[in-house]
Every structure is written in structure tokens, then in C-alpha cells.
Amino acid sequence: MGASHFQMELANLAKCLFLGFMILWIQIHGCKGCFEAERSALLNFKKLVVSDGADADHLLSSWVDDSMSDCCKWERVTCNSTTSHVIELFLNNTRQHDIDSESFYDDENIWFIKLSMFQQLKELKNLNLSYNVIGGFIDYDE
């Protein structure tokens with residue numbers, strides 16, 4: 001009876017060690033890169049900047065439409081190291097205006113942002129849109 005009990009305890013210990021190893025492996029290697037919906041939302045923001053005549057390819061050069069591109073490694077993007085969700089975006093002066101210029105607040109520099117484009121960023125905590133001359137936010141598709 002002693003040897004059988006010892007073998008059961010040893011088998012349980014091996015299962016616990018294996019489970020612990022698997023959890024550790026998943027934590028280290030499991031969740032790599034950003035989520036497709038979040039990557040797509042960021043690329044939509046870049047398209048908005050480009051459509052407004054700004055050189056977003058120069059400013060947001062790491063934001064590429066490639067499924068292998070990890071948006072957590074893109075410039076101006078910070079992700080949660082555990083969940084890989086986007087938590088911060090630093091999109092200040094994305095249109096590269098000279099903020100000291102008298103023409104900074106001219107009507108042609110004012111633009112509107114659709115709030116729903118950030119809806120896919122479920123864990124977004126900090127969104128810096130300063131120095132973008134945003135005239136307002138819209139919630140509808142034009």
C-alpha cells in the first residue's frame with residue numbers, strides 16, 4: 001500500500017509540475033502581438049490622417065498593413081504586457097503642423113475625428129490627441 005500511495009503522489013506531483021510549466025510557458029510565449037481588430041482600428045486612424053493630406057507614412061512609418069506586423073511594437077502605441085491589448089496612444093500632432101505658426105488654427109487645419117474608430121481598443125486608458133487642431137468629434141459615418 002505504501003508504494004502504490006507513493007506512486008499516486010508522484011503522479012500528482014508530475015501533473016502539477018507539468019501544469020505549472022504550461023502556465024509559465026503560455027505567460028512567456030503565449031500572447032504575442034496585438035489583436036487584429038485593434039491593429040485594424042489603428043490603421044483606420046492612419047488612413048484618416050493620410051486622407052487629410054498629412055504625410056502619415058513618414059510620421060507613422062511603423063504602422064504597416066501587414067498581418068505579421070505587431071502593433072504593440074509600433075511607434076506611439078503602448079500595449080499591456082500581459083494581455084497585449086492597446087492601453088495608450090500618443091497621437092499628438094499627427095499632422096505635423098508647426099504649432100508656433102500663426103496659421104496653426106486656420107480653418108483648413110481643423111479636422112474631425114470619428115470616436116467609434118477607437119471602439120475596438122477595449123483597454124485604452126490614455127489617448128493623447130493634443131496639437132491636432134481637432135474641431136470636434138463625430139459618431140456617424142459620412
Exercise for the section: With rounding to the nearest 0.5 Å, note down the distance linking CG in Leu43 to NZ in Lys47. Expected result: 7.0 Å
Fill in the blank from the handout: OG1 of Thr82 to CD1 of Ile87, rounded to nearest 0.5 Å, is 9.5 Å
Practice task
Determine the sole option in Val77, Thr78, Leu121 for which the side chain to side chain contact (heavy atoms under 4.5 Å, CB included) test with Glu88 is passed.
Solution key: Thr78
Handout entry: Rounded distance (nearest 0.5 Å) linking atom CG of Asn92 with atom CG of Asn128
Key = 4.5 Å
Problem - Set of residues satisfying side-chain hydrogen bond (donor to acceptor under 3.5 Å, both in side chains) with respect to Ser40, sequence neighbours excluded - result: none
Practice task
Would you check if Leu60 and Trp74 make a side-chain contact, meaning some heavy-atom pair closer than 4.5 Å?
Solution key: no
Handout entry: Geometric class of the Phe45/Phe118 ring pair [parallel <30°, tilted 30-60°, perpendicular >60°]
Key = tilted
Practice task
Output, in order, the C-alpha distance, side-chain angles, deciding distance and verdict of side chain to side chain contact (heavy atoms under 4.5 Å, CB included) for Val86 and Gln120.
Solution key: CA-CA 10 Å; Val86 174; Gln120 295 299 320; over 6 Å; no
Practice task
Can you measure from CE (Met117) to CG (Leu115) and round to the nearest 0.5 angstrom?
Solution key: 9.5 Å
Handout entry: Under 2.5 Å between SG of Cys71 and Cys79
Key = no
Exercise for the section: Give, for atom NZ of Lys125 and atom CD of Glu123, the distance between the pair rounded to the nearest 0.5 Å. Expected result: 6.0 Å
Exercise for the section: Would you check if Asn126 and Phe90 make a side-chain contact, meaning some heavy-atom pair closer than 4.5 Å? Expected result: yes
Practice task
Would you confirm whether Asp70, through its side chain, and Cys34, through its main-chain N or O, come within 3.5 Å as a donor-acceptor pair?
Solution key: yes
Handout entry: Test side chain to side chain contact (heavy atoms under 4.5 Å, CB included) applied to Glu9 - qualifying residues, sequence neighbours left out
Key = His5
Exercise for the section: Sequence neighbours left out, what passes side-chain hydrogen bond (donor to acceptor under 3.5 Å, both in side chains) with Asn80? Give chain and number order. Expected result: none
Practice task
Ignoring hydrogens and angles, tell me if any N or O in the side chain of Ser62 forms a donor-acceptor pair with the backbone of Glu75 under 3.5 Å.
Solution key: yes
Handout entry: Any side-chain donor near an acceptor of the partner, Trp63 and Ser69, under 3.5 Å
Key = no
Fill in the blank from the handout: Sorted by chain and residue number, the salt bridge (Lys or Arg N to Asp or Glu O under 4.0 Å) partners of Asp65 (sequence neighbours excluded) come out as Arg39
Fill in the blank from the handout: In this structure, NE2 of His85 is separated from NZ of Lys122 (nearest 0.5 Å) by 9.5 Å
Completion exercise
Sequence neighbours excluded, the answer for side-chain hydrogen bond (donor to acceptor under 3.5 Å, both in side chains) partners of Ser67 is none
